[in-house]
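Remember, it's 1-based here, ligands and their atoms both numbered in the order they're listed.
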Amino acid sequence: MASLQQSSLKTNVSTELLIARIVQIHANICKLESLRPSKQVNSLFTHLVKLCTPPSSIDITALPEEIQLIRQSLITLCGRAEGLLELEFSTFLTNVPQALNNLNLFPYYGNYVKLANLEYRILSDNGVVQPKKVAFIGSGPLPLTTLIMATHHMKSTCFDNFDMDESANAVARQLVASDAELQRRVKFETRDIMEVRDKLGEYDCIFLAALVGMSKEEKVKILGHVRKYMKEGGTLLVRSAKGARAFLYPVVEEEDLLGFEVLTIFHPTNEVINSVVLARKPID
Ligand SMILES: C[S@@+](CC[C@H](N)C(=O)[O-])C[C@H]1O[C@@H](n2cnc3c(N)ncnc32)[C@H](O)[C@@H]1O
């Protein structure tokens with residue numbers, strides 16, 4: 001009994017310590033003048049990711065209100081910093097020859113390769129093999145998942161990428177333009193996904209980026225909207241987070257997927273940050 005109490009005490013202490021360090025980093029990030037990539041910005045976010053990545057028993061829903069608010073603020077700050085990092089790198093890439101051969105220069109490229117491999121395996125294990133048409137919602141200025149899927153896993157699939165930020169799509173289109181075959185299969189539309197309706201019915205599989213729907217309410221609203229318009233029998237792959245990784249990304253629980261058949265939920269324990277949830281719209 002004593003060893004059980006000791007180990008739970010140790011867990012509590014380490015959780016308290018972890019949260020204290022995350023709160024400290026949040027305070028330092030809030031003092032930054034800009035979230036654009038720089039030595040200081042990169043080091044703070046790298047430290048935060050290193051802190052949050054190891055599997056942890058933190059139950060986000062049980063955290064006190066003030067920590068919940070810090071978590072929500074961190075998700076927003078991380079989202080903005082990630083977008084700026086992707087925009088800067090993608091813009092740089094469009095100015096070098098053979099842009100698509102240099103994606104591996106992106107600091108988190110290896111993580112995206114591992115995430116795409118994981119997502120492709122989960123899709124194949126659940127019967128989604130070589131889908132004809134895929135939508136990626138929230139593709140951003142550096143659509144790595146689409147590029148990796150289209151060149152390594154789904155070599156004849158057509159990808160429609162939806163992002164509400166035209167500047168992100170403009171640079172993403174420039175990236176893809178360097179490869180005629182890819183340009184034929186990979187398109188970018190500037191739309192808030194909440195304004196896309198019947199078109200969502202065209203896709204065998206839809207990816208929902210982790211940063212689309214930053215709050216629980218927003219995420220649930222978007223999930224309901226996508227379910228309403230996606231085709232029956234179509235699959236939705238949703239990126240989520242677990243444990244301390246939930247300080248970096250929104251969490252999608254099974255109960256948030258109202259009206260879906262949840263096929264699988266996978267929580268990586270390696271350096272792949274996002275959890276992967278695969279759901280299907282039932283055929284009535
Ligand atoms: C910066 S990217 C990062 C994507 C990230 N690599 C991931 O896999 O989650 C996230 C993108 O989602 C887009 N986005 C957020 N909410 C959206 C919405 N409601 N409709 C369309 N795009 C949205 C943002 O404009 C942003 O470019």
Side-chain angles (χ1 to χ4, degrees), residues 35-37 41 45 49 72 74-91 93 103 106-120 122 134-150 159-175 187-197 199-200 203 205-230 236-241 245-252 268 271-278:
L35 292 173
R36 288 175 53 78
V41 170
F45 281 99
V49 169
Q72 205 49 57
L74 264 178
I75 289 174
T76 305
L77 291 164
C78 289
R80 276 218 299 274
E82 181 168 321
L84 290 167
L85 178 70
E86 292 188 5
L87 180 63
E88 180 176 272
F89 182 78
S90 202
T91 307
L93 261 193
L103 293 174
F106 184 65
Y108 296 104
Y109 179 72
N111 294 43
Y112 274 99
V113 169
K114 289 193 178 88
L115 179 58
N117 290 344
L118 169 66
E119 289 172 335
Y120 180 68
I122 290 174
V134 166
F136 191 99
I137 303 170
S139 43
L142 185 64
L144 282 175
T145 299
T146 288
L147 295 172
I148 295 165
M149 287 291 181
F159 292 82
D160 285 348
N161 298 276
F162 295 92
D163 199 299
M164 61 186 182
D165 180 349
E166 173 49 31
S167 65
N169 289 330
V171 71
R173 278 190 207 100
Q174 268 190 285
L175 257 193
K187 304 297 178 194
F188 297 89
E189 281 199 43
T190 304
R191 306 281 297 280
D192 180 327
I193 200 60
M194 292 303 287
E195 288 154 20
V196 182
R197 295 180 178 79
K199 193 160 176 58
L200 287 170
Y203 304 103
C205 177
I206 298 175
F207 285 74
L208 184 64
L211 295 172
V212 177
M214 300 289 259
S215 68
K216 175 67 84 177
E217 299 68 31
E218 208 188 320
K219 187 74 85 174
V220 168
K221 200 175 82 184
I222 290 169
L223 289 170
H225 174 79
V226 171
R227 189 187 54 75
K228 182 175 175 187
Y229 292 100
M230 70 188 280
L236 175 67
L237 188 147
V238 184
R239 286 176 180 169
S240 175
R245 296 159 183 221
F247 277 98
L248 306 172
Y249 290 106
V251 173
V252 177
E271 63 274 28
V272 172
I273 306 274
N274 291 124
S275 299
V276 177
V277 182
L278 187 67

Taking [X] for the side chain and [Y] for the main chain, is one N or O donor matched with an acceptor at less than 3.5 Å?
X	Y	result
Gln174	Leu93	no
Asp163	Phe188	no
Arg191	Phe162	no

Which of the atoms in ligand 1, numbered in the order shown and given with their element, are less than 4.0 Å from a heavy-atom of [X]?
X	value
Gly140	2 (S), 27 (O)
Asp165	25 (O)
Leu211	3 (C), 9 (O), 15 (C)
Ala209	7 (C), 8 (O), 9 (O)

Counting neighbours of NZ on Lys199 that are heavy atoms of other residues, nucleotides or ligands and sit closer than 6.0 Å, is the number greater than 12?
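It does: Lys199 NZ has more than 12 such atoms within range.
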
Within 6.0 Å of CZ in Arg36, more than 12 heavy atoms from elsewhere
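At most 12 heavy atoms, drawn from other residues, nucleotides or ligands, come within 6.0 Å of this atom.
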
For a 4.5 angstrom cut-off between non-hydrogen side-chain atoms, does Asn169 reach Glu166?
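Heavy-atom side-chain distance check passes, below 4.5 Å.
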
Mind checking whether Arg239 and Thr145 have side chains closer than 4.5 Å, heavy atoms only?
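Yes. Closest side-chain heavy atoms under 4.5 Å.
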
Distance from [atom] to nearest protein heavy atom, with residue and atom:
atom	value
atom 8 (O) of ligand 1	Arg239 NH1, 2.4 Å
atom 1 (C) of ligand 1	Gly83 CA, 3.7 Å
atom 3 (C) of ligand 1	Glu82 OE2, 3.5 Å
atom 19 (N) of ligand 1	Asp192 OD1, 3.1 Å
atom 6 (N) of ligand 1	Tyr112 OH, 2.5 Å
atom 10 (C) of ligand 1	Gly138 O, 3.6 Å
atom 27 (O) of ligand 1	Asp163 OD2, 2.7 Å
atom 20 (N) of ligand 1	Ile193 N, 3.1 Å

Ignoring hydrogens, what is the shortest heavy-atom contact between [X] and [Y]? Give both atom names and the distance.
X	Y	result
Ala210	Tyr249	CB-CD2, 3.5 Å
Ile148	Ala116	CG2-CB, 3.6 Å
Leu118	Pro268	CD2-CG, 4.0 Å
Thr190	Met164	CG2-O, 3.7 Å

Hey, is ligand 1 close enough to [X] that some N/O pair sits below 3.5 Å?
X	result
Ile222	no
Met164	yes
Val212	no

Please classify the Tyr249 to ligand 1 contact at 4.0 Å (heavy-atom distances, strictly less than): side chain, backbone, both or neither.
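The answer is neither.
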
Structural part of Arg191 in contact with ligand 1, heavy atom criterion under 4.0 angstrom:
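Contact part for Arg191 vs ligand 1: backbone (N, CA, C, O).
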
Sub-4.0 Å heavy-atom approach of Glu218 to ligand 1:
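Distance cut 4.0 Å: Glu218 fails for ligand 1.
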
Contact between ligand 1 and Met194 is defined here as a heavy atom of the residue under 4.0 Å from a ligand atom; is it met?
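Judged by the 4.0 Å heavy-atom criterion, Met194 does not count as contacting ligand 1.
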
On the 0 to 90° scale, with breaks at 30° and 60°, tag the Phe207-Phe136 ring pair as parallel, tilted or perpendicular.
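Phe207 and Phe136: parallel rings.
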
From the candidates Ala168, Cys78, Ala81, Ala210, the one that places a heavy atom nearest atom 9 (O) of ligand 1:
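Selected option, by shortest heavy-atom distance: Ala210.
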
